[in-house]
Amino acid sequence: MPFHALVDGASPGVQVPPHLTRIPINLISTSSDLANALVKGKVVRKGPLVSVAPNDFILKAVVQEEDSQPHISTQIPAINIVVFGELARDFSQCVSPGDVVMASGFTVSKSPTASKDKLHHLNLLLSEEDANIYVSSLKIPKLTKAPRYTYTPLGDLKAGSVVNVYGVVVFFKQPFKSHGTDFCSSLKITDKSNHNIGCTIFCEKLEEHPKIFQNGDIVRMHRVKVQLFNNTITLVNTFGFSVVTFDGKPSGSVEPRTSSRTIHFDEEDRRRVEELQTWISSQNILLSSTSSVSLSAVQPKAYFDLTCQLLAKAPVDSTCSLLRVWDGTRCPNTFLKVDVDPNDVEGPTTFSREKESFIASVLVYDNHSEFAKQLKPGAFLRIYNLRAIPVTSKECSVTGSHSEEVEHIVFHLHGGTSYGRGIRVLPENSPDVQMLKRAIAFLTDDVGNCASELNDSELLEVWSTPPESLGMANICRSSFLICRLQLQRVTLSELKQSRPGQVYRVRAQLRSYEPSKLHQALKLFCSKCSSIQEIPDDEWVASIFSEACKNSEDWAPQRTLRVHLSTQLKTEGKANELLFITGTTLEETCRLATGYNNIVPLTSSKSGLVLMDLSAPFLFRGPRRFYGCKQCSEATVRELPSRGDKLLDEKIIAEALGVQLLQFVLLMKLQLQDATDTLDVFLWKHAVSLKCSTLFTQKSHWVVFLEMLRL
DNA sequence: GATTAGGGTTTG
């Protein structure tokens with residue numbers, strides 16, 4: 001267990017091993033002996049837990065030497081730490097800013113952010129295999145001494161009691177100012193008992209309110225009073241109230257959303273949250289609100305929730321503000337141009353034409369216009385219960401000869417809080433923001449790199465980077481282009497839901513690929529039995545050659561190299577075109593192959609000359625080697641048929657020898673992503689020749705444009 | 001240890 005919680009600096013059964021020696025942060029260097037080094041410091045910054053794969057995480061934090069004497073500079077030594085794997089998850093759950101941690105078993109790497117953050121020029125890397133983290137946490141004593149909470153199922157609530165509950169949000173309003181002293185949150189929750197219970201939360205401070213981002217979120221409340229109102233059970237917060245929320249979608253990690261530093265959260269809580277997540281996914285739960293859609297899917301007149309980034313904002317009048325937002329997708333409708341005073345605009349006043357085509361105009365009214373005053377451009381928002389309003393206006397034609405009706409669209413967020421109308425700033429680490437950032441990064445890559453909007457014909461140009469430049473000859477490009485233009489382009493999410501057997505186009509970003517070295521992608525493929533095998537390495541082939549020599553019938557006290565010529569070729573005066581040799585090593589065969597066109601290594605047996613084990617190449621030509629399929633070949637050494645003037649190639653030789661020739665194919669695994677999903681893709685065989693040219697000619701943020709068959 | 005609100009049939 002690489003993660004240890006120490007209470008008051010020590011814990012029963014857990015001790016910082018005595019052989020560890022503390023190293024001051026400013027003395028950490030690449031030449032330090034880190035094997036027994038212990039770093040101690042206060043966590044001054046803790047980044048979000050980033051999930052890189054199921055049960056694999058990365059977390060960054062900054063640790064500052066707490067008790068160091070200020071030396072030459074007044075700067076207190078601090079260093080970035082990067083924690084990997086489940087250790088990162090444990091760290092995320094148990095360590096809060098302000099906690100003192102000790103770490104051992106780390107390695108160091110150059111900090112790419114040193115010039116920016118002015119911290120140590122190295123990062124500490126802590127992997128779960130080697131590193132240990134010890135934390136003396138302020139909250140752990142509380143956590144261990146805290147009473148066990150009991151939670152009342154929503155079907156068992158009795159008026160007058162004070163209870164703790166877990167529930168799944170089916171309706172919510174953002175906190176709004178009440179007529180009293182507090183903000184008020186209104187929500188409705190449900191659980192397995194299928195009761196829908198209304199809850200009213202009054203808190204003076206916004207941060208004490210439940211952080212609900214969408215229906216389906218899970219909420220845990222401590223100390224709520226059960227009341228009857230209109231003969232209906234409701235819950236209201238009471239003294240000592242606390243609330244914490246969780247994403248309702250299982251993501252591998254359970255991250256409590258709270259601003260409280262002293263939250264009780266243990267394995268039992270994790271189990272409850274996961275159980276509810278499973279329940280939600282099995283329920284098609286009645287999430288009675290508007291649905292979350294991207295700009296590209298907005299329907300005129302419809303109500304919807306929008307997750308977006310704020311680019312600019314401006315007041316329109318005393319009750320209305322304009323928000324310019326985007327989400328990385330393009331709305332099919334053109335947005336109404338809302339006139340505002342450029343001096344009142346916060347953020348850019350204009351955008352390039354391409355960028356503008358991705359930006360939506362949102363008019364927010366009354367209380368939302370007030371709320372918008374505190375928003376900063378760059379913030380990630382979810383706007384609830386927006387309405388897409390079509391606006392018909394008359395515009396003069398280009399020639400000015402007549403005016404024509406043009407339909408635009410503008411989004412309205414009506415005043416009030418009915419239907420949960422409101423705006424919420426989403427934290428950077430929320431999965432939806434991560435997704436949004438990906439979509440926007442993908443877009444800006446296009447818009448930024450290509451100077452003009454990247455249309456299909458330009459993409460095709462990228463796509464059809466001459467394969468000749470990669471040494472790939474004779475590939476007919478035009479046929480590819482024609483087919484592709486007729487294919488339907490879909491998102492990865494749509495592709496995953498589509499019917500098998502269809503061919504689609506997708507455009508996505510390459511997230512990763514395997515193998516990392518192209519030559520490792522090269523495999524041998526048998527078109528007869530469809531088997532794929534690795535290309536044997538030289539050591540293995542050399543051992544086949546030496547075995548063949550030893551077992552050879554004419555193995556005398558010493559090895560004898562013999563050359564056998566084809567009688568047929570001799571009569572044609574082309575004896576040197578094909579040499580059969582016995583008694584050579586791999587190295588000698590390779591050397592001979594540089595001087596002769598075709599070399600076939602043989603070994604002699606009782607029945608005469610035979611081909612070597614087909615694990616080794618059966619034919620050498622210059623630097624190239626050809627292999628046969630062990631299963632499908634019936635190899636015998638035979639005379640070549642007469643060919644006239646036809647050039648001797650590997651196919652003719654293989655056929656003559658009864659060898660099923662193996663083809664070289666590339667096999668690669670790609671992980672693609674777009675704004676909607678990720679997808680593992682296997683590229684192989686002929687498809688590779690073109691597609692790889694695209695992959696390897698785009699230096700960064702590769703855009704992959706594939707046709708693929710949904711299998 | 002009071003008060004607030006108690007979803008909702010949706011202006012611009």
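Naming convention: chains lettered A, B, ... in sequence-line order (proteins, then strands); numbering from 1 in each chain. All values derive from a computational prediction rather than experimental measurement. Note: hydrogens, waters and symmetry copies are ignored here, and every other heavy atom, side chains too, is used.
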When the ring planes of A/His222 and A/Tyr149 are compared, do they come out parallel, tilted or perpendicular, using 30° and 60° as the limits?
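Aromatic pair A/His222/A/Tyr149 classed parallel.
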
Classify the angle between the aromatic ring planes of A/Phe411 and A/Phe304 as parallel (below 30°), tilted (30 to 60°) or perpendicular (above 60°).
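Taking A/Phe304 first and then A/Phe411, their aromatic rings stand perpendicular (interplane angle over 60°).
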
Checking A/Phe246 now: which residues fulfil ring pair (Phe, Tyr, Trp, His ring centres under 6.0 Å) with it, not counting sequence neighbours?
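Scan of A/Phe246 (ring pair (Phe, Tyr, Trp, His ring centres under 6.0 Å), adjacent residues dropped) gives A/Phe265.
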
Please report, rounded to the nearest Å, how far the [atom2] atom of [N] is from the [atom1] atom of [X].
X        : N     : atom1 : atom2 : answer
A/Leu187 : B/dA5 : CG    : P     : 16 Å
A/Ile201 : B/dG6 : CD1   : P     : 13 Å
A/Lys188 : B/dG7 : NZ    : C1'   : 6 Å
A/Asn385 : B/dG8 : CG    : C1'   : 10 Å
A/Ile197 : B/dA5 : CD1   : C1'   : 17 Å
A/Ile189 : B/dG7 : CD1   : C1'   : 15 Å
A/His179 : B/dG6 : NE2   : C1'   : 13 Å
A/Asn230 : B/dA5 : CG    : P     : 15 Å

In Å, rounded to the nearest 0.5 Å, how long is the span from OH of A/Tyr303 to NE2 of A/His412?
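The distance works out to 11.0 Å.
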
Please state whether the phosphate of B/dG7, meaning OP1 or OP2, lies under 4.0 angstrom from any side-chain nitrogen or oxygen of A/Ser418.
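False: A/Ser418 side-chain N/O out of range (4.0 Å or more) of B/dG7 OP1/OP2.
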
Donor-acceptor pair under 3.5 Å, [X] side chain vs [N] base:
X        : N      : answer
A/Thr181 : B/dT3  : yes
A/Arg421 : B/dT10 : yes
A/Lys173 : B/dG7  : no
A/Asp366 : B/dG12 : yes

Closer to the 5' end of DNA chain B via nearest nucleotide, is it A/Phe229 or A/His414?
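By nearest-heavy-atom nucleotide position, the 5'-most residue is A/Phe229.
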
Could you check A/Phe239 against A/Phe176 and say which one's nearest nucleotide on DNA chain B is further toward the 5' end?
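Taking each residue's closest nucleotide, the earlier one in sequence belongs to A/Phe239.
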
[N] base stacked by [X]? Criteria: ring centres under 5.5 Å, plane angle under 30°.
X        : N      : value
A/Tyr303 : B/dT10 : yes
A/Tyr419 : B/dG7  : no
A/Phe202 : B/dA5  : no

With heavy atoms under 4.0 Å as the rule, sort A/Gly415 into base, sugar-phosphate or nothing.
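Contact class for A/Gly415: base.
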
Pairs satisfying ring-ring contact (aromatic ring centres under 6.0 Å, His included), at least one member in residues 174-204 of chain A, at least two apart
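Not a single pair qualifies under ring-ring contact (aromatic ring centres under 6.0 Å, His included).
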
